[in-house]
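Single-structure report; data block below.
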Amino acid sequence: MAELTQNPKMAPKAILEMIKTPWALIVALLMAVALLDPDNWVDVVTFAAKALAHTGQYILFAVLLLSYLKATGAEVMVERAFEGRETRMILLAALFGGLAPFCSCEVIPFIAGLLALGAPLSAVMAFWLSSPLIDPPTLLITAGALGWPFAIGKAIAAVALGLFGGFTVRFLMRNGAFAQPLREYKPAGCCGCGPKQDDRPVWRFWQQPERRARFRSEFVHNGVFLLKWLALAYVLEALLVSYVPADLIARVVGGEGVVPIVIAALVGMPAYLNSYVAPPLLAGLMEQGMSAGAAMSFMVAGAVSSIPAMAAVWSLVRPRVFATYLGLGVSGAIVTGILFQTL
């Protein structure tokens, strides 16, 4: 507040930034319910609070795990997936894509560096398709909101989609496609993801002061990040359950056919719901009649074709590679939804 008083020109910008935070949106939504439907306010708050408390144990474990991976420098293990024979690279890239604790701005220079150094596009595509879908925190949060069968299904789908994309691109490249996949790339500033890591992870990170500091920083940053987005997600879920008619959801994306799964994938494409917000909202939609296959299709398509993911791909590769990325992601989402619903 002192800075705002000393520099009045900063006040509108600072206030705007505060309004754009998830906390401000949570307060605005709850105030709207209190004013428009005061009799239902307690039920909405209770629903959201109980759901958040249930997921709290998963949040704590996820934040501890992610902070540990960051403090030890485990990201360097991912680079080893891109060494050796192409088939081996595709297999390991699809697997490590679901384990890599990268933030969105770290992925861009990482992938650009791999392509510039000659890593095959097939392996890079496998990593790029699987990476947005799952990581350790997302797995735990999905399990807390939708159950372990759904979380495990999504993890399997991430690896399978990576393999599907990797081997498809390999086939296309052997027939002359994607000779020059990379645009001219100029590294931009990152969001402060951390210092350059050593060649090997340091598993006993607590023996080094700078790594202990990194662990504390990551724990606080990721803890606050997950808490605010999940709190917003559960408030939205409470509103969804309370005010959106169940028969409307059931008509659009309910039932056991293929059409609801395709619709869910197409709707999920442009919808930016990060992997921490999507599971609680899908839990609410499934309570209202959304089929499990449609929910899986929506989640996979939304993760692969979300605005940050598409921006990262577009910034690095040529339009044909970008179109292939989207096509593989959406078709993979539809197939995943059909298989998940069948099984």
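Excluded from the calculations below are hydrogen atoms, water molecules and symmetry mates; all remaining heavy atoms, backbone and side chain alike, are included.
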Test log, rule side-chain contact (heavy atoms from CB on, under 4.5 Å), inputs L92 and F127: CA-CA 8 Å; L92 291 179; F127 180 86; over 6 Å; no
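- In F171, the CZ atom is not crowded: 12 or fewer heavy atoms of neighbouring residues, nucleotides or ligands sit closer than 6.0 Å.
- When atom types are taken as modelled, the side chain of W41 and the backbone of L30 share a donor-acceptor pair closer than 3.5 angstrom.
- In terms of modelled atom types and a separation under 3.5 Å, the side chain of S130 and the main chain of A94 share a donor-acceptor contact.
- Under the 4.5 Å side-chain criterion, counting only non-hydrogen atoms from C-beta, V169 is not in contact with V124.
- Judged purely by atom type and a 3.5 angstrom limit, S217 has no side-chain atom pairing as donor or acceptor with the backbone of A213.
- Under the rule for a ring pair (Phe, Tyr, Trp, His ring centres under 6.0 Å), the partners of Y68 that lie at least two apart in sequence or sit in another chain are F205.
- Annotation: the span from T72 atom OG1 to W206 atom CH2 amounts to 10.0 Å, rounded to 0.5 Å.
- Proximity of M173 to P120: side-chain heavy atoms (C-beta onward) are nowhere separated by under 4.5 Å.
- In this structure the side chain of W23 reaches within 4.5 angstrom of the side chain of L227, judged on heavy atoms.
- Side-chain atoms of F298 and I263, non-hydrogen and from C-beta on, never get closer than 4.5 Å to each other.
- For A265 against I334, the heavy-atom pair with the smallest separation is CB-CG1, 3.7 Å.
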Passes side-chain contact (heavy atoms from CB on, under 4.5 Å), V202 versus Q207? Steps please. CA-CA 9 Å; V202 179; Q207 297 178 348; over 6 Å; no
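- Listed for the R211 side chain is a donor-acceptor partner under 3.5 Å among the backbone atoms of A71.
- Interatomic distance, F178 CZ to L172 CG, rounded to the nearest 0.5 Å: 5.0 Å.
- If you take CG on L282 and CE on M299, they are separated by 4.5 Å, rounding to the nearest 0.5 Å.
- No donor-acceptor pair under 3.5 Å is formed between the side chain of K154 and the backbone N or O of L139.
- Other residues, nucleotides and ligands place no more than 12 heavy atoms under 6.0 Å from the CZ atom of R320.
- Side-chain atoms of S122 do not come within 3.5 Å of backbone N or O of R170 as any donor-acceptor pair.
- S331 is listed as a side-chain neighbour of F164, based on a closest heavy-atom distance under 4.5 Å.
- The residue from V42, V44, D43 that alone fulfils the side-chain contact (heavy atoms from CB on, under 4.5 Å) condition with T46 is V42.
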Test log, rule side-chain contact (heavy atoms from CB on, under 4.5 Å), inputs L236 and L29: CA-CA 9 Å; L236 292 174; L29 290 172; 3.7 Å; yes
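- The CG atom of L163 sits 10.0 Å away from atom OG1 of T168, with the distance rounded to the nearest 0.5 Å.
- Between the side chain of S297 and the main chain of A264, no donor-acceptor pair closer than 3.5 Å is present.
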